[in-house]
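For reference, positions follow the sequence shown, starting with 1.
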Amino acid sequence: MQSFTKNIQYYKFCSYGFLKNLRFFDAFFILFLVAKGMTFTQIGILYAVREISINVFEIPSGIAADTYGRTNSLIGSFFAYIVSFLVFYFSAGFWLFFLAFVLYGIGDAFRTGTHKGIIIDYLKINNWESQKISYYGHTRSWSQLGSAVSSLIAGFIVFVSGSYDKIFLYSTIPYVLNLILLFSYPPVLNRKAENNKHEKWNGFFSTTLSLFKVIRQPRVFRIVNTSAMHTAYLAVVKDYIQILMVSVAALMPVFIAQGEEKKNGIIVGIIYFFIYIATSFASKNASKIADKNRENVAVITLIAGFVFGLISGVFFYFEMWIVSLIAFLGIYLVENLRKPILTGFVSDNVPNEILTSVISAQSLLKSIITAVLAFFLGLFVDHFGMGMAFIFISGFLVISSVLIDFYRRRRFE
């Protein structure tokens with residue numbers, strides 16, 4: 001039962017998530033890169049470069065956020081994002097895209113986990129810790145609503161302009177607004193050390209030691225690993241849904257006279273809108289799923305997400321685009337059910353002082369997995385087609401997850 005108050009800070013958290021997900025390019029990222037002449041192998045390399053950039057900065061950024069200030073970390077993150085968007089807008093070749101992906105990765109490294117840490121800290125200050133899954137689920141639902149609105153706006157931009165380039169330029173606007181919003185957060189949520197440099201360095205190393213001590217605990221590592229695996233999987237496959245959407249759009253006898261990119265802009269935008277409305281509902285109701293089966297929900301949903309990907313690949317291979325798209329939606333729904341639940345599980349088992357660092361370690365693991373999967377998925381799509389690539393990757397993850405869970409149960413239970 002909800003017991004937290006929807007005050008001004010609650011709506012600031014919701015607004016942050018809403019504005020953060022107004023990334024108009026998200027709905028057309030793969031299509032944009034393909035239109036620029038990138039092969040799927042090159043796209044896989046670029047995605048891997050982004051994840052490697054995250055790997056380099058992930059844990060240091062989380063420790064820095066816990067030591068020097070979480071809001072400060074987010075502000076730096078959004079500056080990196082904005083520069084990245086501008087490089088994408090003005091770029092036309094592989095190496096400039098390489099730079100843009102590095103900047104994007106740095107932005108991700110300083111953002112991931114930081115805002116979750118701020119929210120969890122805020123709940124503890126107000127003695128609402130028992131409501132963390134529900135509270136985070138509500139704020140995350142606004143993020144998904146932002147994605148829904150973003151896809152419609154992006155579709156309109158593509159339809160009017162007839163190209164994908166300007167969506168990066170327009171994406172800077174909500175990110176500037178989010179910078180202004182972050183400056184309005186109360187100082188207590190920054191949690192930076194207000195001491196001299198020597199004491200700050202001591203705090204940095206103390207936080208580092210605490211992080212490694214906590215992350216070695218089997219239960220914490222299992223939660224972090226399970227969460228990172230599915231998030232990495234979605235991060236790799238999510239943009240390939242755009243290829244599937246274009247196939248669905250080709251079946252529709254509408255906007256034919258407008259040209260291919262304009263037609264794709266409208267139809268892809270509308271499909272994404274309904275996907276994110278569904279994921280917003282899933283996030284908002286995540287606490288109900290957690291209450292029913294807290295012990296096994298992480299593993300069950302992990303395998304379910306991979307199975308949806310396998311089914312989508314099979315139907316894509318047989319050119320049953322609409323059924324494949326519906327199965328693909330299942331991956332999104334599973335991730336948005338899992339995210340609030342597993343964030344709550346992590347905060348239950350980790351001291352709040354290093355929560356951002358632990359979530360950053362989780363994001364680091366996710367980035368490593370993403371980099372590997374992104375490269376191989378791009379390679380497989382170029383050589384075997386998207387359907388078979390999804391079957392190979394998803395099938396491997398289903399089998400390995402089942403075997404790992406079976407081994408764990410035999411060994412520890």
Side-chain angles (χ1 to χ4, degrees), residues 12-13 15-17 19-23 25-26 47-88 98-122 139-140 143 146 171-172 174-185 187 189-193 200-201 203-204 207-208 211 215 224 227-228 231-232 235 339 343 346 350 352-368 370-371:
K12 285 184 180 181
F13 288 150
S15 299
Y16 165 87
L19 290 170
K20 172 182 68 68
N21 279 26
L22 290 182
R23 295 180 298 208
F25 58 86
D26 259 0
Y47 276 48
V49 164
R50 180 184 65 190
E51 300 308 318
I52 291 169
S53 301
I54 295 172
N55 290 345
V56 172
F57 291 97
E58 189 66 73
I59 290 183
S61 69
I63 296 172
D66 283 331
T67 307
Y68 301 111
R70 294 173 179 177
T71 307
N72 292 342
S73 179
L74 284 174
I75 289 170
S77 165
F78 276 82
F79 274 115
Y81 278 132
I82 291 168
V83 176
S84 170
F85 298 164
L86 292 175
V87 175
F88 272 119
F98 188 100
L99 172 62
F101 271 96
V102 170
L103 290 169
Y104 194 98
I106 293 172
D108 261 4
F110 278 85
R111 178 188 61 80
T112 51
T114 305
H115 201 258
K116 296 184 186 75
I118 289 175
I119 291 177
I120 297 299
D121 202 36
Y122 179 74
T139 58
R140 183 172 172 78
S143 298
S171 293
T172 62
Y175 273 53
V176 170
L177 294 176
N178 235 351
L179 273 175
I180 297 170
L181 177 66
L182 288 168
F183 279 112
S184 76
Y185 276 26
L189 297 180
N190 202 21
R191 287 186 62 85
K192 67 177 180 179
K200 284 185 176 182
W201 274 110
F204 185 92
T207 303
T208 304
L211 166 65
I215 209 73
V224 166
S227 178
T231 302
K339 204 76 171 182
T343 298
V346 169
V350 170
N352 192 53
E353 290 75 18
I354 61 168
L355 178 60
T356 301
S357 302
V358 172
I359 296 177
S360 288
Q362 173 181 302
S363 296
L364 171 62
L365 180 58
K366 168 252 176 186
S367 297
I368 294 171
T370 302

[X] and [Y]: which non-hydrogen atoms are nearest, and at how many Å?
X: Ala371; Y: Ala48; answer: O-CB, 3.7 Å
X: Ser53; Y: Ile106; answer: CB-N, 4.5 Å
X: Ser171; Y: Phe25; answer: OG-CD2, 3.5 Å
X: Ala235; Y: Tyr47; answer: O-CE2, 4.4 Å
X: Gly107; Y: Ser77; answer: O-OG, 2.6 Å

*Yes or no on side chain to side chain donor-acceptor pair (under 3.5 Å) for Arg23 and Tyr81, after CA distance, side-chain angles and deciding distance?*
CA-CA 10 Å; Arg23 295 180 298 208; Tyr81 278 132; 4.9 Å; no
*Parallel, tilted or perpendicular for Tyr175 and Phe78, by the 30°/60° rule?*
tilted
[X] vs [Y] side-chain heavy atoms within contact, under 4.5 Å:
X: Leu22; Y: Leu177; answer: no
X: His115; Y: Lys20; answer: no
X: Arg50; Y: Val102; answer: no
X: Arg70; Y: Leu189; answer: no
X: Ile82; Y: Leu179; answer: yes
X: Glu51; Y: Ile54; answer: yes

Distance in Å, [X] [atom1] paired with [Y] [atom2], rounded so as to fall on 0.5 Å steps:
X: Asp26; Y: Asn21; atom1: CG; atom2: CG; result: 7.5 Å
X: Asp108; Y: Leu103; atom1: CG; atom2: CG; result: 11.5 Å
X: Ile118; Y: Leu182; atom1: CD1; atom2: CG; result: 7.0 Å

Give a yes or no on whether the backbone of [Y] and the side-chain of [X] come within a donor-acceptor separation of less than 3.5 Å.
X: Ser84; Y: Ala80; result: no
X: Ser184; Y: Leu181; result: yes
X: Asn190; Y: Asn72; result: yes

*Would you check if the distance from the ring center of Tyr16 to the ring center of Phe13 is below 6.0 Å?*
no
*Ring centroid separation for Phe101 and Phe88, is it under 6.0 angstrom?*
yes
_For Phe79, all residues meeting ring-ring contact (aromatic ring centres under 6.0 Å, His included), sequence neighbours excluded_ = none
